Amino acid sequence: MSVTTSRSLLSEGNTAALAALRSALGSDAVSTRELDRMALAVDASHYLHAPDAVMRAKSPSDVGVAMRIAAELGWPLTFRGGGTSLSGQALSEGLTVDVRRHFRAMEVLDNGKRVRVQPGLTIGQVNATLARYGSKLGPDPASSIACTIGGLIANNSSGMTCGITANTYRTIDSMTIVLPSGTVIDTADVNADEVLRATEPNLVEVIERLRDTLRGDKYRADIERRYAIKNTMGYGINSFLDFDTPAKILEHLMIGSEGTLGFVSEAVFNTVTVPKRTATGLLMFDSLDAATEALPELVYSGADVVELIDAASIRAMGHDAASVLPKGFRVDQHASLLVEYQAMDDEGIAERIAAGEAAFEQLGGLSTAPEMTNEASRRAQMWVMRNGLYTKIMRNRPKGTMALLEDIAVPMEQLGGVCTELQDLFIKHDYDGAVIFGHAKNGNIHFLVTEDFAGPASLNRYDAFTEDMVELVLREQGTLKAEHGTGRIMSPFVRRQYGDDLYQAMVDIKDACDPKRILNPGTIITDDPQLHLKHIKPTEEVREIIDDCVECGYCEPVCPSQHLTTTPRQRIVIQRAIAACEATGAYELAQRLKEQEVYDVVQTCAVDGMCLTACPVKINTADLIRTKRRETQKKTLDKGWKVAAEHWGAVLGAASKGMNITHALPTPPLRGALGLARKIAGEDIVPTLTPELPGGGKLRKPMPAANPAAIFLPACVGTMFGSEHACGQGVGNAVRQLANFAGITLSTPDGVQELCCGTPWKSKGLAAGYEVMKTKLTAWIVEHTRGGQLPLVCDNVSCTEGIIVALKNAGIENIDVMDATEWVAKYVAPMLPPLPKARRAAVHPTCSSTHLGVNDALMMLAGLVADEAIIPDGWRCCAFAGDRGLLHEELTATSTRDEARSVKRLHADLHLSCNRTCELGLTRATGQTYTHVLEELAARVANVVTA
């Protein structure tokens, strides 16, 4: 990261634009703070460009004002949603308008046949809602977890199954467009063309002129050929052939325009039906040529998916591939095709399987007998060959290098030759370890190389390789971009791909929509033939914890703080920015970033580790934050918490009494007093209390038993926060009641009063206190489980996870630790009688229940007490995170906002979870009382027994 990209680059005109925007929308509407700018300076591409300022638009009118002012004063403006942005199309030279935080509305239409959605939601979030209707969005990119609807539209996303028949272009129903002039067009409006003609006469004239010209014999066949394959290079000028009216042509030009023509504030999609039956086949061929020669036979057999995996990819998968292939199989020049057939019922899938197997018999060059199965576990195993590939290569790339994932498409008949020549180019340019894989059915492949960009030599190599690749693809009548968008990486080559006339048509479109060329300059249309070689981001190592990060953004949608401060990707980006500033002598800037990151990066991280569940390279950003907290922790605080760890029983007793006292006090005066204390001592030290917090719970007492089936360690959080559920004294008592009903003996030996899982110390970076508690805890567990002869059960899932981590950190791996939900589901639930059930339960899984894999047990138990158990849309970690919800209630509020809206719509009778602090956080967020599922289960069992 160069120092120049880290400083404000506001020219006199841009300063005026900033002032005008703040005057129109408020002084806090736009930020020029260094941390905000650097957090959005990168994407998953190999480019870096810090914007002048960041605006988080709240409404389409905000966006319209920003575009109007930017156009009037010549300030570049780029929209930013979410996703990978592998081609560098999300980077800004001026104002970045972040449209993810506030554009998150969705409405299911026509019983799931259509969906209206704003650009801030991800594909995965939309599909989670549509799944209840048996439908989904047509595009299915691999980045669905991170790709927002705005990105989906901006890049004309496709994927493995949709091809060019169910991509964004083909499934759009209508959209609301905001043009740089401020004009707003709803293409669903019957008067859309009249409005467009009245407000944008020049744009309509250009659209109609190009429509009439490009439909002529001189251009029609050429355009049809170019878009008969996946093609996201340049603008979608096939719109002029496919549609007649200006509004519909403009609507489809917006798809794939990468934010260079206007802003799509809302879109309605036609959905596709989710197939209910699937069969997967694995074919191993002697060579890449043999695999590509088999494509027509497989495609014509009706295969819905045909994925190509070359020999280098198979080798890169290592053990994962070996577990799928025949025992002892040695990969040489082989290649694999993964094929899939889909249907709606058993009869349909049987027919598809028969067609596929008939096609298999016609293929030559097979190394092993082809396999086809509809058995779920084997299918999942086969897909590891493809789905795990990107992850494996990312993890194993050489230190200090960047992975460049590119995509091209050619007519299917040319694919084999192109793949062979690409491999020759890898050798020619010394790209060892390069791989080829992709959507062979559509002639669309991805290839991945690693580059360090350490100096002129590596940049020249990349440039020479790009030139050779461009020549190869265009010679074979292909496209340089099939799925990932043009971006900066390929904008210098758009003219070469399309020729002067068609490129000029694209320039005319750009100039008609955006005459000042303020929207995302450099993307798609550029006059700079060297643009793809500029603003390359560095690849220096910073911290071992985060060096593997490829800044893909997969982690962002699961992060609790994503709509408040920063995301895991941005936390890592800030560390790299600070390191770069220090390396180049920009110490003042580095210091400002360090000051700004205290709240945005460190204090508002829930250290929940959910980023790990989404990260392709398995980075847990919580490890980074815990390290930073440990590095900056005050010694006096560490010593104080060490004393607390040594006398934890007394501390808990005082805390319980304190909660009882505060529970009885009027909340406003108490909050006022605490607010004053927070200002003096610090907001990350003094908690704030809210009305829904309960009084303290009962102190834990030893309850030893002879010949127990398990050792039971009730969590100390039950002492801190009591429960008022009808089952009795909290979840610990509920576990014992359920065990007694099943005739199972639990033992809680002496010493439990002084124990904690250690998470409060570990998450705060309090090393001395954590060491004390870890030592006490693990010694007690080893002694009373007899070295692992008995399992250990804990009744709050985050504490269960903390115990497992503490044992691991102590080097103890032979003790079986089970969360109470899992233990009850396995040993008690089978012995329970039928229970009276509520109508519907809203269930909140937690970050820890997700990490430990006990969500299935949670949902099974919820199903014992409710006819319908539902995880609400918008679910994520609640961010209460032990004490984060007491220190920073705004963190829990933003994290739970989407889920709370969904809970309100569910009208559930029960609200269940499996962790006390999470229950408190959801109670606060929803206004509904959340309880532990085991408390509800124990109460219903007790009612049946006493009836």
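Just so it is clear, the structure is predicted and the values come from calculations on it, not from any experiment.
Considering only heavy atoms from C-beta on, Val507 comes within 4.5 Å of Ile525 through its side chain. Counting heavy atoms from C-beta on, the side chains of Thr122 and Ile145 never come closer than 4.5 Å. Contact of the Leu425 side chain with the Tyr431 side chain is not registered, since no non-hydrogen atoms from C-beta on lie closer than 4.5 Å. Contact of the Cys162 side chain with the Leu137 side chain is not registered, since no non-hydrogen atoms from C-beta on lie closer than 4.5 Å. Side-chain contact between Arg220 and Arg215: present, with at least one pair of heavy atoms (C-beta onward) separated by less than 4.5 Å. A 4.5 Å side-chain heavy-atom check between Ser336 and Met385 finds at least one atom pair inside the cut-off. Arg397 has its side chain within reach of Val550: a pair of non-hydrogen atoms, C-beta onward, lies under 4.5 Å apart.
Arg496 is linked by a side chain to side chain contact (heavy atoms under 4.5 Å, CB included) to Glu467, Val470, Leu474, Phe493, counting only residues two or more places apart in sequence or in another chain. Glu340 is linked by a side-chain hydrogen bond (donor to acceptor under 3.5 Å, both in side chains) to Thr280, Arg379, Trp383, counting only residues two or more places apart in sequence or in another chain. With sequence neighbours excluded, the residues satisfying side chain to side chain contact (heavy atoms under 4.5 Å, CB included) with Lys534 are Asp528, Gln530. Scored by the ring-ring contact (aromatic ring centres under 6.0 Å, His included) test, Tyr462 finds His46, Phe453 as partners (sequence neighbours excluded). Evaluation of the side-chain hydrogen bond (donor to acceptor under 3.5 Å, both in side chains) rule for Thr183 yields Ser181, Glu200 as partners, not counting sequence neighbours. By the side-chain hydrogen bond (donor to acceptor under 3.5 Å, both in side chains) test, His252 is found to be paired with no residue, residues two or more places apart in sequence or in another chain being considered. Shown here are the side chain to side chain contact (heavy atoms under 4.5 Å, CB included) partners of Thr486, two or more places apart in sequence or in another chain: Met233, Glu258, Met490, Ser491, Val494, Ile524. Scanning for side chain to side chain contact (heavy atoms under 4.5 Å, CB included) contacts around Ala279 gives Ile349, Ile353, Met372, Asn374, with sequence neighbours left out. Every residue meeting the side-chain hydrogen bond (donor to acceptor under 3.5 Å, both in side chains) condition with Tyr341, not counting sequence neighbours, appears here in chain and number order: Ser301. With sequence neighbours left out, the ring-ring contact (aromatic ring centres under 6.0 Å, His included) criterion links Tyr235 to no other residue. Partners of His484 under the ring-ring contact (aromatic ring centres under 6.0 Å, His included) rule, at least two apart in sequence or in another chain, are His446.
Using a 4.0 Å cut-off between charged nitrogen and carboxylate oxygen, Asp222 and Arg226 count as a salt-bridge pair. A salt bridge does not link Arg475 with Glu471: none of the charged nitrogens is closer than 4.0 Å to a carboxylate oxygen.
Within 6.0 Å of atom NZ in Lys113, 12 or fewer heavy atoms from other residues, nucleotides or ligands are found, so the atom counts as exposed in its surroundings. More than 12 heavy atoms of other residues, nucleotides or ligands lie within 6.0 Å of CG in Asp212, so this atom counts as buried by the packing criterion.
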> Are Thr466 and Asp463 close enough, and set up right, to give a side chain to side chain donor-acceptor pair (under 3.5 Å), and what steps lead you there?
Replying inline: CA-CA 5 Å; Thr466 300; Asp463 185 22; 5.6 Å; no
> What do the steps show when you test Asp43 against Ser45 for side chain to side chain donor-acceptor pair (under 3.5 Å), and what is the final call?
Replying inline: CA-CA 5 Å; Asp43 51 25; Ser45 72; 2.4 Å; yes
>> Before you tell me yes or no, could you show the steps for Asp514 and Arg517 under salt bridge (Lys or Arg N to Asp or Glu O under 4.0 Å), namely the whole-Å CA-CA distance, both residues' side-chain angles and the distance that decides it to 0.1 Å?
In response: CA-CA 5 Å; Asp514 179 24; Arg517 293 200 180 184; over 6 Å; no
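Counting only N and O atoms by type, the side chains of Arg488 and Thr523 include a donor and acceptor under 3.5 Å apart. At a cut-off of 3.5 Å, with distance as the only test, no side-chain donor of Asp242 or Tyr227 sits close to an acceptor on the other residue. Side-chain contact, Gln497 with Tyr503: no donor N or O sits under 3.5 Å from an acceptor N or O. Side-chain polar atoms of Gln504 and Asp500 form no donor-acceptor pair below 3.5 angstrom. Neither side chain, Asn156 nor Thr232, offers a donor N or O lying under 3.5 Å from an acceptor on the other.
Residue Ile223 holds its CD1 atom at 4.5 Å from CD1 of Ile237, rounded to the nearest 0.5 Å. Of the inter-residue distances, the one linking Glu483 atom CD with His439 atom NE2 reads 3.5 Å to the nearest 0.5 angstrom. Here the CZ-CD distance, from Arg352 to Gln342, works out to 8.0 Å after rounding to the nearest 0.5 Å. Between Ile249 atom CD1 and Phe240 atom CZ the span is 6.0 Å, to the nearest 0.5 Å. Taken to the nearest 0.5 Å, the CE atom of Met254 stands 10.0 Å off from the CD atom of Glu251. Here the straight-line distance linking atom CZ of Arg80 with atom CD of Gln89 works out to 10.0 Å at 0.5 Å rounding.
When atom types are taken as modelled, the side chain of Lys230 and the backbone of Ser158 share no donor-acceptor pair closer than 3.5 angstrom. Side-chain atoms of Thr171 do not come within 3.5 Å of backbone N or O of Phe269 as any donor-acceptor pair. Counting only distance, with no hydrogens or angles, the side chain of Ser144 and the backbone of Asp140 share no donor-acceptor pair below 3.5 Å. A donor-acceptor contact shorter than 3.5 Å links the side chain of Ser87 to the backbone of Gly485. Using modelled atom types, no side-chain atom of Thr479 and backbone atom of Ala482 make a donor-acceptor pair closer than 3.5 Å. In this structure a side-chain-to-backbone donor-acceptor pair under 3.5 Å is missing from Thr526 to Pro492. With Lys516 contributing its side chain and Ala71 its backbone, the two residues share a donor-acceptor pair below 3.5 Å. Judged purely by atom type and a 3.5 angstrom limit, Asn444 has no side-chain atom pairing as donor or acceptor with the backbone of Ala409. The main-chain N or O of Phe437 is never found under 3.5 Å from a side-chain atom of Glu307 such that the two would form a donor-acceptor pair. Checked by atom type and distance alone, the side chain of Thr148 never pairs as donor or acceptor with a backbone atom of Gly120 at under 3.5 Å.
The salt bridge (Lys or Arg N to Asp or Glu O under 4.0 Å) analysis of residues 293-303, with sequence neighbours excluded, yields no pairs.
For Phe103 and Phe263, the distance between ring centers is under 6.0 angstrom.
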